[in-house]
Novice: 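Have a look at this one.
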Amino acid sequence: MVKICCIGAGYVGGPTMAVIALKCPSIEVVVVDISTPRITAWNSDHLPIYEPGLEDVVKECRGRNLFFSNDVEKHVADADIVFVSVNTPTKTQGLGAGKAADLTYWESAARMIADVSKSAKIVVEKSTVPVKTAEAIEKILTHNSKGIDFQILSNPEFLAEGTAIKDLYNPDRVLIGGRETPEGLKAVQALKQVYAHWVPEEKIICTNLWSAELSKLAANAFLAQRISSVNAMSALCEATGADVSQVSHAIGKDTRIGSKFLNASVGFGGSCFQKDILNLVYICECNGLPEVANYWKQVIQINDYQKSRFVNRVVASMFNTVAGKKIGILGFAFKKDTGDTRETPAIDVCRGLLVDKAELRIYDPQVPQAQIEKDLTMVKFDWENPVLVNHVSPVTLNQVSIVENAYEASKDAHGVCILTEWDEFKTLDFQKIYDNMQKPAFIFDGRNVVDPNKLRDIGFIVYSIGKPLDQWLKDMPAVA
Ligand SMILES: NC(=O)C1=CN([C@@H]2O[C@H](COP(=O)(O)OP(=O)(O)OC[C@H]3O[C@@H](n4cnc5c(N)ncnc54)[C@H](O)[C@@H]3O)[C@@H](O)[C@H]2O)C=CC1
Ligand SMILES: O=C(O)[C@H]1O[C@H](OP(=O)(O)OP(=O)(O)OC[C@H]2O[C@@H](n3ccc(=O)[nH]c3=O)[C@H](O)[C@@H]2O)[C@H](O)[C@@H](O)[C@@H]1O
């Protein structure tokens with residue numbers, strides 16, 4: 001029986017390995033992690049992450065050919081294939097701070113693999129890493145390896161949170177990069193065999209190591225670039241009376257452009273887009289390509305601009321101050337169908353409003369109170385000035401309460417901000433919400449989930465990203 005061990009039981013390691021176990025009953029899969037609470041949760045009825053469909057897959061395979069364990073070294077030693085799916089955040093200190101990927105977790109995993117291995121292994125980069133990381137990992141493994149054969153493969157993951165199980169069942173492609181040596185090609189074939197249990201052969205792309213590593217960064221950069229492009233258009237739409245949804249629809253019909261990923265928003269979030277683009281920027285700079293670096297940096301700058309533009313709209317339309325005003329926040333996760341808040345635009349928007357002394361009542365169907373409070377008080381590094389930190393004091397947290405539903409969040413509020421596109425926000429009883437709010441009642445829709453005209457008929461003053469502005473908003477121009 002082939003044995004797989006995955007180091008890192010997070011958003012990628014957990015769902016990916018669960019699906020491999022489901023689709024490959026003849027393979028034993030053990031997911032290991034240094035975090036005891038994470039592993040305990042994976043072995044319980046309350047999985048550590050919310051992902052539609054995940055619970056069913058885990059229930060079916062756990063204890064059969066899927067296991068979760070803290071005994072990292074034992075399972076790595078036993079495995080034929082070791083996936084490394086640890087976190088690779090942006091460095092916040094030292095050389096490359098604010099841009100370069102922090103490979104501390106990766107390196108410690110690689111050293112541990114080298115230490116405990118007694119048999120040949122295929123080591124698979126599942127984490128997103130800078131180009132040429134495989135070369136560094138090879139050096140760590142072969143310097144300590146007592147003659148053991150290690151083959152390094154790059155097999156980046158393309159799943160999106162909220163649709164992870166669907167994406168894993170039916171990926172657009174699986175990418176495997178390896179060394180172009182007989183041993184390297186054999187390792188690529190071995191990993192291909194795993195995916196071939198359910199992924200059609202023509203969707204499995206095999207490349208050299210560096211193409212696979214770079215393709216992952218490039219894919220995220222292209223995706224994020226589409227969002228920043230449409231968000232940049234949204235500002236122009238508001239200035240001219242065009243409607244960004246109509247513009248997106250019209251340009252998306254061009255098959256060369258395509259219709260996906262053209263939804264204007266308050267900004268993209270998530271653990272990867274910003275981190276991976278910063279990583280790309282750093283790699284370009286290190287390779288003497290400042291023009292290319294600046295091109296990609298602009299994608300993040302527009303994203304930051306979009307978030308501050310939104311805050312400015314809220315403050316400007318409410319007579320240039322939100323001090324002491326109650327604002328309901330609907331949605332805190334970085335997108336719907338996940339409880340993940342990493343880099344969610346809600347953090348920046350809420351902080352912006354708190355600085356202006358607003359009182360926030362926040363509701364999200366999946367994000368626990370403790371997480372929201374942690375996010376709002378954590379030390380946040382500024383990627384352009386990594387030495388500066390932006391800290392919301394506990395006093396400011398006194399201006400925040402976390403509530404159980406959208407009606408509670410909007411009760412007595414002067415304004416409501418929609419920051420995540422949860423489906424339930426589309427079908428709220430907005431008449432009831434309006435009746436219970438202070439007047440004039442404002443709605444700021446950062447996800448374009450509500451019909452602005454219907455809300456205007458109720459009596460709201462509505463701001464929808466990139467849509468024609470109410471006269472009220474035109475009379476209160478925001479300085480972006
Ligand atoms: N979150 C996502 O949707 C996607 C993430 N990725 C990439 O996958 C990688 C992992 O991301 P996530 O799963 O979101 O991270 P995560 O933070 O949810 O999980 C990483 C896990 O690795 C564990 N870990 C760290 N060092 C370890 C070690 N030495 N030994 C054992 N366990 C260790 C941590 O305790 C943590 O539970 C990142 O490189 C990310 O860029 C790629 C595609 C999608
Ligand atoms: O490397 C990763 O971590 C992953 O990053 C993204 O996945 P994810 O961040 O989970 O979610 P997305 O659906 O890409 O959304 C990212 C952000 O962009 C926003 N978005 C997305 C699409 C759009 O049209 N407009 C828009 O504002 C979302 O609301 C969200 O805040 C990519 O879509 C995945 O392919 C990739 O594997």
Side-chain angles (χ1 to χ4, degrees), residues 5-17 31-39 41-42 48-49 51 68-73 75-76 82-90 101-113 125-130 133 155-164 167-168 171-173 216-217 219-224 226-231 234 244 248 252 259-277 279 303 306 331 333-338 340-346 419-421 446-448 465:
C5 176
C6 175
I7 305 175
Y11 284 87
V12 170
T16 312
M17 293 302 126
V31 192
V32 296
D33 203 294
I34 42 175
S35 160
T36 307
R38 266 223 161 156
I39 292 297
W42 279 110
I49 61 175
E51 193 59 67
F68 296 92
S69 170
N70 282 123
D71 199 346
V72 180
E73 297 188 358
H75 293 290
V76 168
V82 180
F83 284 80
V84 185
S85 185
V86 300
N87 33 333
T88 51
T90 306
D102 181 350
L103 295 178
T104 314
Y105 302 104
W106 229 111
E107 188 179 332
S108 98
R111 287 182 189 279
M112 184 269 300
I113 297 170
E125 284 178 354
K126 195 48 138 172
S127 304
T128 304
V129 290
T133 297
N155 173 222
E157 184 49 59
F158 295 99
L159 67 78
E161 288 176 31
T163 53
D167 296 340
L168 288 163
D172 284 342
R173 79 312 210 174
K216 173 63 196 178
L217 296 179
N220 274 358
F222 272 58
L223 289 168
R226 281 174 75 92
I227 303 168
S228 279
S229 295
V230 78
N231 281 345
S234 75
V244 77
S248 290
S259 61
K260 293 181 184 167
F261 258 67
L262 286 179
N263 294 323
S265 66
V266 60
F268 60 73
S271 62
C272 293
F273 279 173
Q274 173 167 306
K275 142 179 109 62
D276 292 348
I277 294 175
N279 187 352
N303 200 47
Q306 189 74 347
F334 81 95
K335 64 186 280 198
K336 73 170 182 175
D337 292 338
T338 179
D340 195 352
T341 60
R342 291 178 290 179
E343 300 297 339
T344 177
L419 301 184
T420 313
E421 72 283 19
R447 296 289 184 168
N448 285 343
I465 294 268

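Basis for what follows: all heavy atoms, side chains included, without hydrogens, waters or symmetry-related copies. Quick note: residue numbers are just sequence positions, from 1. Whatever order the structure lists ligands and atoms in, that order sets their numbers, starting from 1.
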Novice: Return a yes/no value for Asp33: is any of its N or O atoms, backbone included, closer than 3.5 angstrom to an N or O of ligand 1?
Specialist: yes

Novice: I want to know if ligand 2 touches Arg447 in the polar sense, i.e. an N/O pair below 3.5 angstrom.
Specialist: yes

Novice: Hey, is Glu157 close enough to Lys126 for a salt bridge, meaning N to O under 4.0 Å?
Specialist: yes

Novice: When you measure from atom 26 (N) of ligand 1 to each heavy atom in Tyr11, Tyr105, Trp106, Phe273, which option holds the nearest one?
Specialist: Tyr105

Novice: Does a side-chain heavy-atom distance below 4.5 Å link Pro345 with Arg447?
Specialist: yes

Novice: Can you report which non-hydrogen protein atom sits closest to atom 29 (N) of ligand 1, along with the distance?
Specialist: Ser108 OG, 3.3 Å

Novice: Below 4.0 Å, non-hydrogen atoms only: which portion of Met112 touches ligand 1? Side chain, backbone, both or neither.
Specialist: neither

Novice: Just let me know how Ala164 lines up against ligand 1, side chain, backbone, both or neither, with a heavy-atom cut-off below 4.0 Å.
Specialist: neither

Novice: Tell me, which protein residue and heavy-atom name are nearest atom 37 (O) of ligand 2, and how many Å apart are they?
Specialist: Leu159 O, 2.7 Å

Novice: Before signing off on this row, confirm whether Ser271 and ligand 2 have an N or O atom pair separated by under 3.5 Å.
Specialist: no

Novice: Have a look at Lys275, Glu107, Glu161, Lys216 and point out the one with the heavy atom closest to atom 3 (O) of ligand 1.
Specialist: Glu161

Novice: Please could you name the atoms of ligand 2 that Glu157 approaches to less than 4.0 Å, counting only its heavy atoms?
Specialist: 37 (O)

Novice: Short N/O distance, under 3.5 Å, between Phe158 and ligand 2?
Specialist: yes

Novice: Quick one: sort the Phe68 and Trp42 rings into parallel, tilted or perpendicular, breaks at 30° and 60°.
Specialist: parallel

Novice: Heavy-atom distances under 4.0 Å are what count here, so tell me which part of Cys272 touches ligand 1: side chain, backbone, both or neither.
Specialist: side chain

Novice: Is Cys272 close to ligand 2, meaning an N/O of one under 3.5 Å from an N/O of the other?
Specialist: no

Novice: How far is atom 12 (P) of ligand 2 from its nearest protein heavy atom, and which residue and atom name does that atom have?
Specialist: Lys335 NZ, 3.6 Å

Novice: Does at least one non-hydrogen atom of Arg226 fall below 4.0 angstrom from an atom of ligand 2?
Specialist: no

Novice: Considering non-hydrogen atoms of the protein only, which is the closest contact for atom 32 (N) of ligand 1, and what is the distance?
Specialist: Ile34 N, 3.4 Å

Novice: By number and element, which atoms of ligand 2 are closer than 4.0 Å to a non-hydrogen atom of Glu161?
Specialist: 10 (O)

Novice: Can you list the ligand 1 atoms lying under 4.0 Å from a non-hydrogen atom of Ser85?
Specialist: 10 (C), 20 (C)

Novice: Before signing off on this row, confirm whether Arg38 and ligand 1 have an N or O atom pair separated by under 3.5 Å.
Specialist: yes

Novice: Should you measure from each heavy atom of Lys216, which atoms of ligand 2 turn up under 4.0 Å away?
Specialist: 1 (O), 2 (C), 36 (C), 37 (O)

Novice: To check your reading of the model: name the closest protein heavy atom to atom 17 (C) of ligand 2, its residue, and the distance in Å.
Specialist: Gly269 O, 3.5 Å

Novice: Give the residue and atom name of whichever protein heavy atom lies nearest to atom 27 (O) of ligand 2, and the separation in Å to one decimal.
Specialist: Ser265 OG, 2.6 Å

Novice: How does Ile7 reach ligand 1, if at all, at less than 4.0 Å between non-hydrogen atoms: by side chain, backbone, both, or neither?
Specialist: side chain

Novice: May I ask you to list the atoms of ligand 2 that are less than 4.0 angstrom from any heavy atom of Asn220?
Specialist: 1 (O), 2 (C), 5 (O), 32 (C), 36 (C)

Novice: For ligand 1, which part of Arg111 has a heavy atom less than 4.0 Å away: the side chain, the backbone, both, or neither?
Specialist: neither

Novice: When you check the gap from the basic side-chain N to the acidic O, do Glu125 and Lys216 get nearer than 4.0 Å?
Specialist: no

Novice: Applying the side-chain contact (heavy atoms from CB on, under 4.5 Å) test to Lys275, which of Thr128, Asn87, Asp102 qualifies?
Specialist: Thr128

Novice: So which protein heavy atom does atom 31 (O) of ligand 2 come closest to, and at what separation?
Specialist: Phe334 O, 2.7 Å

Novice: Can you tell me if Gln274 and Thr90 form a side-chain donor-acceptor pair at under 3.5 Å?
Specialist: no

Novice: So is Thr128 touching ligand 2 or not, going by heavy atoms under 4.0 Å?
Specialist: no

Novice: Where on Ile49 is there a heavy atom closer than 4.0 Å to ligand 1, on the side chain, on the backbone, on both, or on neither?
Specialist: neither

Novice: Please compare Asp340, Val86, Val129 and report which has the shortest non-hydrogen distance to atom 9 (C) of ligand 1.
Specialist: Val86

Novice: State, yes or no, whether a side-chain contact exists between Asn279 and Leu217 at a heavy-atom distance under 4.5 Å.
Specialist: yes

Novice: Look only at interatomic distance and state if Thr88 has a nitrogen or oxygen under 3.5 Å from any nitrogen or oxygen of ligand 1.
Specialist: yes

Novice: Give the residue and atom name of whichever protein heavy atom lies nearest to atom 42 (C) of ligand 1, and the separation in Å to one decimal.
Specialist: Thr128 OG1, 3.6 Å

Novice: Report yes if some N/O of Val72 lies less than 3.5 Å from some N/O of ligand 1; otherwise report no.
Specialist: no

Novice: Evaluate the side chain to side chain contact (heavy atoms under 4.5 Å, CB included) criterion for residues Val84 and Ile113: first the C-alpha distance (whole Å), next the side-chain angles of each, then the deciding distance (0.1 Å), finally the verdict.
Specialist: CA-CA 10 Å; Val84 185; Ile113 297 170; 4.0 Å; yes

Novice: What is the nearest protein non-hydrogen atom to atom 25 (C) of ligand 1, stated with its residue, atom name and distance?
Specialist: Asn87 OD1, 3.3 Å

Novice: Within 45° of the ring axis of Phe158 and under 6.0 Å from its six-membered ring centre, is that where the NZ or CZ of Arg173 lies?
Specialist: yes

Novice: Going by heavy atoms, is Lys336 under 4.0 Å from ligand 2?
Specialist: no

